[in-house]
Amino acid sequence: MANHDNPGSLDEFKEQPYNKFALPGFAMLFFTFILLPVIMIWVVSTWADTEPGLAFGIAAPLLIIFILGCIGYFVQEPNEARVMIFFGKYIGTCRKVGFFWVNPFITRRKLSLRVRNMDIEPIKVNDKVGNPVMIGMVLVWKIKDTYRAVFDIDAQNAGNVSNNQLERFVRIQSDAALREVASHYPYDAPDGQDGILTLRGGGEEINNLLEHKINERLRIAGMEVVEARLNYLAYAPEIAAVMLRRQQAAAIISAREKIVEGAVGMVRMALDKIEEEQIAEFDPARRAAMVSNLLVVLCSEEPATPVLNAAQAD
């Protein structure tokens with residue numbers, strides 16, 4: 001059993017199961033709402049005339065027991081938990097599903113263990129090379145250690161942490177982890193450095209690293225990240241237009257390289273075919289002119305218009 005008097009390491013699982021007094025709720029319903037009222041009615045009706053003091057002396061404690069009995073019931077659905085606190089002392093976490101009755105003096109803090117989804121709005125950060133980028137993510141998380149979730153997060157009332165406070169803690173820590181990861185990698189690979197890991201091309205590696213960083217931060221509060229994935233990535237508005245022109249220029253250069261490479265191959269093939277089939281013979285000047293004309297036709301963005309030489313020989 002974990003020692004809850006010492007903080008312990010972050011990897012220590014501080015939750016312990018609740019194995020103390022807990023009765024089936026339906027059995028206690030019979031005792032609370034049928035047996036006790038029947039006894040009280042019988043006592044009052046039997047001794048009210050002969051010994052009224054004794055009758056009411058017995059009925060009063062039974063009434064108090066009846067009221068306390070009504071407080072001890074709770075229903076627990078799948079993927080829910082109750083943190084049990086007895087006069088300020090943590091006595092365990094109940095994860096059983098069903099209808100139960102426990103000591104009415106035990107405080108029961110209800111927690112949902114279901115998976116929760118959170119959309120982190122895009123924030124502005126500087127990447128590794130200093131470019132401002134907008135980056136956002138989708139986070140899937142759940143509570144793993146109920147003790148840490150209730151007692152290790154500061155709340156307005158000790159041991160009474162709310163879902164809003166849990167989500168606020170997750171949002172702040174996720175924001176910090178997202179900034180840390182984004183600042184260690186460039187948005188896109190600089191010229192001549194195509195092999196490095198980037199935010200835009202990292203894919204699963206960036207997502208896995210982000211998940212690991214957030215898990216490190218949420219572990220202290222007993223929470224676990226199921227998945228963390230970037231869902232928005234773009235340059236900040238002040239440099240978006242400039243970077244778009246840069247990307248367009250790079251795309252145009254790459255396309256031109258492909259066009260020129262293909263055109264040169266086609267010109268070489270055309271000249272070789274003409275000479276092979278002896279369609280025409282070219283001196284160096286005419287060969288150069290033919291190459292120039294073919295390159296103009298193949299590389300031009302607009303359709304080429306042929307010019308016919310109508311001059312007659314003397």
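FYI, the numbering just counts along the sequence from 1.
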K.L.:
To the nearest 0.5 angstrom, please state how far the CG atom of Asp119 sits from the CE atom of Met137.
P.N.:
9.5 Å

K.L.:
Nearest 0.5 Å, please: how far is OG1 in Thr93 from OH in Tyr18?
P.N.:
11.5 Å

K.L.:
Is a donor on one side and an acceptor on the other found under 3.5 Å between the side chain of Trp101 and the backbone of Gly69?
P.N.:
yes

K.L.:
Between Val133 and Asn126, does the side-chain contact (heavy atoms from CB on, under 4.5 Å) criterion hold? Intermediate values first, please.
P.N.:
CA-CA 6 Å; Val133 299; Asn126 290 332; over 6 Å; no

K.L.:
If hydrophobic clusters are built by linking Ile, Leu, Val, Met, Phe, Trp and Tyr wherever their side-chain heavy atoms come under 4.5 Å apart, do Phe33 and Leu68 end up in the same one?
P.N.:
no

K.L.:
Can you name the closest pair of heavy atoms from Tyr147 and Asp145 and give their distance?
P.N.:
N-OD1, 3.1 Å

K.L.:
For the pair Asn103 (side chain) and Phe21 (backbone), establish whether a donor and an acceptor sit closer than 3.5 Å, ignoring hydrogens and angles.
P.N.:
no

K.L.:
Mind checking whether Leu36 and Leu23 sit in one hydrophobic cluster, side chains of I, L, V, M, F, W, Y counted as touching below 4.5 Å?
P.N.:
yes

K.L.:
For the OG1 atom of Thr198 and the CD1 atom of Ile196, what is their distance to the nearest 0.5 Å?
P.N.:
7.0 Å

K.L.:
Side-chain contact, heavy-atom cut-off 4.5 Å: Lys128 with Ser183?
P.N.:
no

K.L.:
Identify the heavy atoms of Val125 and Ala182 that sit nearest to each other, and give their distance.
P.N.:
CG2-CB, 3.5 Å

K.L.:
Has Phe26 got more than 12 heavy atoms of other residues, nucleotides or ligands less than 6.0 Å from its CZ?
P.N.:
no

K.L.:
Please lay out, stage by stage, how Gln173 and Ile214 fare under the test side-chain contact (heavy atoms from CB on, under 4.5 Å).
P.N.:
CA-CA 7 Å; Gln173 296 301 322; Ile214 300 176; 5.8 Å; no

K.L.:
If we only count heavy atoms from C-beta on, is the Leu113 to Glu80 side-chain gap below 4.5 Å?
P.N.:
no

K.L.:
Flag yes if Leu233 and Val129 sit in one hydrophobic cluster, no otherwise; membership is Ile, Leu, Val, Met, Phe, Trp, Tyr, and two members link when side-chain heavy atoms are under 4.5 Å apart.
P.N.:
no

K.L.:
Taking atom CG of Asp175 and atom CD1 of Ile120, what is their separation to the nearest 0.5 Å?
P.N.:
7.5 Å

K.L.:
Hey, is the main chain of Leu29 close enough, under 3.5 Å, to the side chain of Thr32 for a donor-acceptor pair?
P.N.:
no

K.L.:
Show the numbers, then the answer: is there a ring pair (Phe, Tyr, Trp, His ring centres under 6.0 Å) between Phe100 and Tyr73?
P.N.:
CA-CA 6 Å; Phe100 301 99; Tyr73 294 98; over 10 Å; no

K.L.:
Which atoms form the tightest heavy-atom contact between Gly222 and Arg148, and what is the distance?
P.N.:
N-CB, 3.5 Å

K.L.:
Using the salt bridge (Lys or Arg N to Asp or Glu O under 4.0 Å) rule, pick out the option among Arg114, Arg82, Lys110 that qualifies with Glu77.
P.N.:
Arg114

K.L.:
Please test Ile106 against Phe87 for side-chain contact (heavy atoms from CB on, under 4.5 Å), starting from the C-alpha separation and ending with a verdict.
P.N.:
CA-CA 7 Å; Ile106 294 177; Phe87 290 103; over 6 Å; no

K.L.:
Can you see whether Glu216 engages His212 through a side-chain donor-acceptor pair at a distance of less than 3.5 angstrom?
P.N.:
yes

K.L.:
In this structure, would Leu63 and Phe31 fall into the same cluster of hydrophobic residues linked by side-chain contacts under 4.5 Å?
P.N.:
yes

K.L.:
Do Phe105 and Ile85 come close enough that some side-chain heavy atom pair is under 4.5 Å?
P.N.:
no

K.L.:
Side chains of Trp141 and Glu224: does their closest heavy-atom pair fall under 4.5 Å?
P.N.:
no

K.L.:
Does any non-hydrogen side-chain atom of Met84 lie less than 4.5 Å from one of Arg108?
P.N.:
yes

K.L.:
Looking at CD1 of Ile206 and CG of Leu230, how far apart are the two atoms once the value is rounded to the nearest 0.5 Å?
P.N.:
7.5 Å

K.L.:
Locate the shortest heavy-atom distance separating Leu111 from Ala149; write the atom from each residue and the value.
P.N.:
CD1-CB, 4.4 Å

K.L.:
Salt bridge or not for Asp188 and Arg200, using N-O below 4.0 Å?
P.N.:
yes

K.L.:
By the definition side chain to side chain contact (heavy atoms under 4.5 Å, CB included), identify the one residue from Leu139, Val170, Ile143 that meets it with Arg116.
P.N.:
Ile143

K.L.:
Short question: side chain of Asp152, backbone of Ala221 - any donor-acceptor pair under 3.5 Å?
P.N.:
no

K.L.:
Evaluate Thr146 against Glu15 for side chain to side chain donor-acceptor pair (under 3.5 Å), listing each step before the verdict.
P.N.:
CA-CA 6 Å; Thr146 58; Glu15 177 187 315; 2.9 Å; yes

K.L.:
Go through the steps to decide whether Phe169 and Met223 satisfy the test side-chain contact (heavy atoms from CB on, under 4.5 Å), and finish with yes or no.
P.N.:
CA-CA 10 Å; Phe169 181 86; Met223 288 174 276; 3.5 Å; yes

K.L.:
Between CD of Glu167 and OG of Ser174, what distance do you get to the nearest 0.5 Å?
P.N.:
11.0 Å

K.L.:
Are any side-chain N or O atoms of Asp127 and backbone N or O atoms of Tyr187, one a donor and one an acceptor, separated by less than 3.5 Å?
P.N.:
yes

K.L.:
Any non-hydrogen side-chain atom of Phe86 less than 4.5 Å from a side-chain atom of Ile91?
P.N.:
yes

K.L.:
Testing the basics here: between Pro122 and Met134, what is the closest heavy-atom pair and its distance to 0.1 Å?
P.N.:
O-CE, 3.9 Å

K.L.:
With hydrophobic residues grouped by side-chain heavy-atom distances under 4.5 Å, do Leu35 and Leu62 end up in a single group?
P.N.:
yes

K.L.:
Do side-chain atoms of Gln76 reach the backbone of Cys94 as a donor and acceptor pair under 3.5 angstrom?
P.N.:
yes

K.L.:
Between Phe74 and Phe99, does the ring pair (Phe, Tyr, Trp, His ring centres under 6.0 Å) criterion hold? Intermediate values first, please.
P.N.:
CA-CA 6 Å; Phe74 71 93; Phe99 182 39; 8.3 Å; no

K.L.:
Can you give me the closest heavy-atom contact between Ala22 and Val102, atom names plus distance?
P.N.:
CB-CG1, 3.8 Å

K.L.:
Is a side-chain donor or acceptor of Arg168 paired with a backbone partner of Asn163 at a separation under 3.5 angstrom?
P.N.:
no

K.L.:
Is any side-chain heavy atom of Glu180 closer than 4.5 Å to one of His184?
P.N.:
yes

K.L.:
Does some side-chain heavy atom of Tyr232 sit less than 4.5 Å from a side-chain heavy atom of Ile135?
P.N.:
no

K.L.:
Any side-chain to backbone donor/acceptor pair from Asn207 onto Arg229? Under 3.5 Å, distance only.
P.N.:
no

